[in-house]
There are 2 protein chains.
Amino acid sequence: MSSDPDKPNKNNKISLAEVAKAAGVSKMTASRVLRDGGGFSEKTRAKVMAEVDRLGYLPNRLATVFAGDKKSTFVGVSIPELGNEIFAQVLEGIDRKLGAFGHQTVLGLTEHEIDHEEKWIETVLSWQPAGLIVTGRSHSPKAIQMLRSAGIPLVEIWDFNSSPLDMCVGLNHFDSGYSMGRYLAGMEYRKFGYVGTSHDVANAATARLNGFSKAIEDANGRLEKQLLLRDTPGFYTGFYGTEQLLAAHRDIETIFYQNDNMAIGGLQYAQKIGLRVPEDIGIAGWGDLPISAIQPYRLTSIAVPHLKIGQIAAEMVLAQINGEPVKSAKDVGFRLIPGSTVKKPRTNA
Amino acid sequence: MSSDPDKPNKNNKISLAEVAKAAGVSKMTASRVLRDGGGFSEKTRAKVMAEVDRLGYLPNRLATVFAGDKKSTFVGVSIPELGNEIFAQVLEGIDRKLGAFGHQTVLGLTEHEIDHEEKWIETVLSWQPAGLIVTGRSHSPKAIQMLRSAGIPLVEIWDFNSSPLDMCVGLNHFDSGYSMGRYLAGMEYRKFGYVGTSHDVANAATARLNGFSKAIEDANGRLEKQLLLRDTPGFYTGFYGTEQLLAAHRDIETIFYQNDNMAIGGLQYAQKIGLRVPEDIGIAGWGDLPISAIQPYRLTSIAVPHLKIGQIAAEMVLAQINGEPVKSAKDVGFRLIPGSTVKKPRTNA
DNA sequence: TTGAAAGCGTTACCAG
DNA sequence: CTGGTAACGCTTTCAA
């Protein structure tokens with residue numbers, strides 16, 4: 001017999017059977033009361049709920065999912081890192097939305113490593129999640145195969161992709177880099193530098209750099225140096241990256257950074273060594289992070305609706321779980337912020 | 001009969017029984033091979049693994065946990081918010097450590113609301129987690145009761161507490177605020193201000209303010225105004241909070257902020273309106289965040305080992321899961337960074 | 001080294 | 001409105 005109400009289980013947890021027995025009803029009746037689907041008298045309900053409270057019964061959702069051969073309420077969410085505040089905010093957007101609809105985030109930090117991601121996907125799928133949200137569009141072949149056959153809603157975020165595995169929300173990073181390159185080239189800068197960080201896999205930042213590089217090429221400018229540091233993209237990396245870059249290439253006229261925090265670091269370095277911004281050196285960031293708003297200079301940057309990305313990703317998963325029709329790929333776009341840390345266009349007399 | 005190998009389940013997932021049948025062995029043998037616990041021949045192993053690969057079998061861990069009446073490999077982690085980068089980093093520290101030992105983080109953002117936390121605790125416990133890490137020491141009565149009877153390792157982080165529900169790692173926020181207050185009072189400042197954000201529950205920032213306030217009182221100074229904004233503690237909040245504060249209290253000589261980001265915002269505001277720092281106004285932050293390192297001024301602040309808190313919390317949970325003895329309360333302390341945004345002590349002639 | 005049967009806590013299904 | 005029985009996919013236990 002299963003769930004013998006007289007034999008406490010190994011965890012000393014109260015089971016439905018025990019509640020039912022104490023209330024003098026069957027397991028099924030107790031189950032119905034707890035799920036509140038109707039089909040029981042008020043008197044029965046009261047009896048059962050009284051015992052639930054008295055015994056401190058907590059349902060075992062493992063058993064629930066298992067018995068119903070359903071999905072759990074988990075949604076797996078993989079993010080490269082949280083040291084980068086933009087990803088932290090994407091995650092916050094996702095979890096809030098999921099939480100509001102009774103779902104839980106199972107977190108996976110991939111550290112930009114495709115192998116980590118693969119391993120995490122395998123693990124999280126074994127918990128029968130209701131959906132998956134992963135950052136980026138490059139996955140290992142095995143990961144792709146697992147994602148394909150999982151049969152659950154999947155959203156690839158960050159990097160917009162017109163033919164995603166399932167769904168996708170993000171922006172075209174190449175284009176955003178190209179925009180910035182074209183904008184800077186239009187300000188009559190000729191000698192460019194780039195400071196960012198490097199990872200094993202092709203990632204969104206690399207796409208931005210590629211776009212930037214292409215724009216410069218198209219404008220007959222010269223990308224003197226692209227400095228890729230093996231570090232986290234933050235203030236300090238921007239600061240010392242700029243120091244390194246300028247030490248080797250004093251003639252660089254403007255620098256594009258992987259993100260705003262690095263750009264702010266670069267700005268501080270430029271000021272420290274007495275360079276005037278934007279006269280002596282142009283500084284451009286990416287992301288339009290909060291820090292930009294309070295600087296004495298408005299940082300030239302690319303604004304990205306990152307909160308929206310997380311929110312939309314969660315909505316896509318939820319909609320598909322509920323069987324609603326979903327647009328499968330959403331480009332949230334970006335916006336160039338002219339700012340005041342690069343030169344202005346010449347006014348036409 | 002259970003797990004009939006011929007009847008595909010509703011999710012179209014491959015079951016152990018199907019793998020076993022394809023390999024021409026029993027479920028038990030296949031199970032043994034997969035858990036690699038010995039008790040099978042090499043030939044059998046090869047047959048089973050071949051079918052696992054061919055069919056793309058992924059185990060259903062729900063069933064595993066359930067059958068063994070075990071705990072899952074989940075660890076529930078509740079964090080107030082991720083917009084505050086310090087919490088994002090604590091979470092990152094936790095998840096990395098847990099991940100390295102085969103555990104998964106189930107995230108809960110409480111938004112500083114005790115009711116959210118209670119609801120999340122109830123949900124996450126129903127998934128039979130192996131442990132729990134929660135931020136803060138104030139919980140609802142029902143939450144406390146659930147945590148007590150859960151019978152799993154529990155760590156309360158952030159706010160050090162010598163008598164935790166189970167385990168605890170953090171620092172004494174009151175003391176850190178007191179230290180800063182005493183330090184500033186020692187610099188001959190007399191009129192103080194505080195800028196922070198407010199939440200429904202008594203939280204760590206409130207404890208810091210209380211400590212700060214007490215130190216000022218003990219030094220016969222005057223806390224002119226404590227401004228608590230209903231917003232997220234960030235650069236912009238610090239900027240406009242300072243504007244508000246100074247508009248109403250022009251004679252304030254030094255301001256203590258809830259965190260460094262707010263302090264940087266305040267610093268920018270002070271510079272914008274032409275106040276000299278620290279001559280006209282002293283600025284002190286809390287947390288020693290990365291931004292502080294690259295400012296032209298070294299921000300006066302309190303350094304906190306936040307990465308360490310996450311890491312230790314995860315280690316405590318893991319140790320207790322493995323039945324190792326654990327120190328139940330760890331105070332990681334803090335360190336006052338004198339910086340250059342408040343006046344220096346008078347030199348003794 | 002292998003396998004058959006029982007059982008984990010819950011819900012689906014059917015009968016009363 | 002209520003309850004008995006089978007089933008979910010796996011592991012434990014015991015026997016071969």
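Here is the naming used below: chain letters follow the sequence lines, and residue numbers restart at 1 for every chain.
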side-chain contact (heavy atoms from CB on, under 4.5 Å) filter on K119(B), not counting sequence neighbours, yields none
Subject >> Pair T110(A)-E117(A), side-chain donor/acceptor within less than 3.5 Å >> reply: no
Exercise. Under 4.0 Å between a side-chain N/O of Y57(B) and OP1 or OP2 of dG9(D), yes or no?
Worked result: no
- Any side-chain heavy atom of V65(B) within less than 4.5 Å of one from K71(B)? no
(Q) Any salt bridge linking E18(A) with K21(A)? Criterion: basic side-chain nitrogen under 4.0 Å from a carboxylate oxygen. (A) no
Note to self: Could you check whether E51(B) pairs with R54(B) (Lys NZ or Arg NE/NH1/NH2 to Asp/Glu carboxylate O, under 4.0 Å)?
What the structure shows: yes
Separation of dG9(C) atom P from F66(B) atom CZ, nearest Å, is 6 Å
Between CG of L62(A) and C1' of dT10(C) the distance, given in whole Å, is 11 Å
Open item on the list: Check E111(B) with R96(A), please: is the shortest side-chain N to carboxylate O separation under 4.0 Å?
Closed with: yes
Rounded to whole Å, the CD1-P distance (I14(A) to dT10(C)) equals 11 Å
note: E18(B), atom CD; dG9(D), atom P; distance rounded to Å ~ 8 Å
To the nearest angstrom, the CH2-C1' distance between W127(B) and dT10(C) comes to 12 Å
N60(A) atom CG is separated from dG9(C) atom C1', nearest whole Å, by 6 Å
From CZ of R61(A) across to P of dT10(C) the rounded distance in Å is 12 Å
To the nearest angstrom, the NZ-C1' distance between K13(B) and dC8(D) comes to 13 Å
Give each protein N/O atom lying under 3.5 Å from an N/O atom of nucleotides 2-4 of chain C, with the pair distance.
| residue | atom | partner | partner atom | Å |
| --- | --- | --- | --- | --- |
| dT2(C) | OP1 | S41(B) | OG | 3.4 |
| dT2(C) | OP1 | T44(B) | OG1 | 2.3 |
| dT2(C) | OP2 | S41(B) | N | 3.0 |
| dT2(C) | OP2 | T44(B) | OG1 | 3.3 |
| dG3(C) | OP2 | S26(B) | N | 2.9 |
| dG3(C) | OP2 | S26(B) | OG | 3.2 |
| dG3(C) | OP2 | T29(B) | OG1 | 2.6 |
| dG3(C) | N7 | R32(B) | NH2 | 2.6 |
| dG3(C) | O6 | R32(B) | NH1 | 3.3 |

For S31(B) and dC10(D), is the shortest distance between a side-chain N/O and OP1 or OP2 below 4.0 Å? no
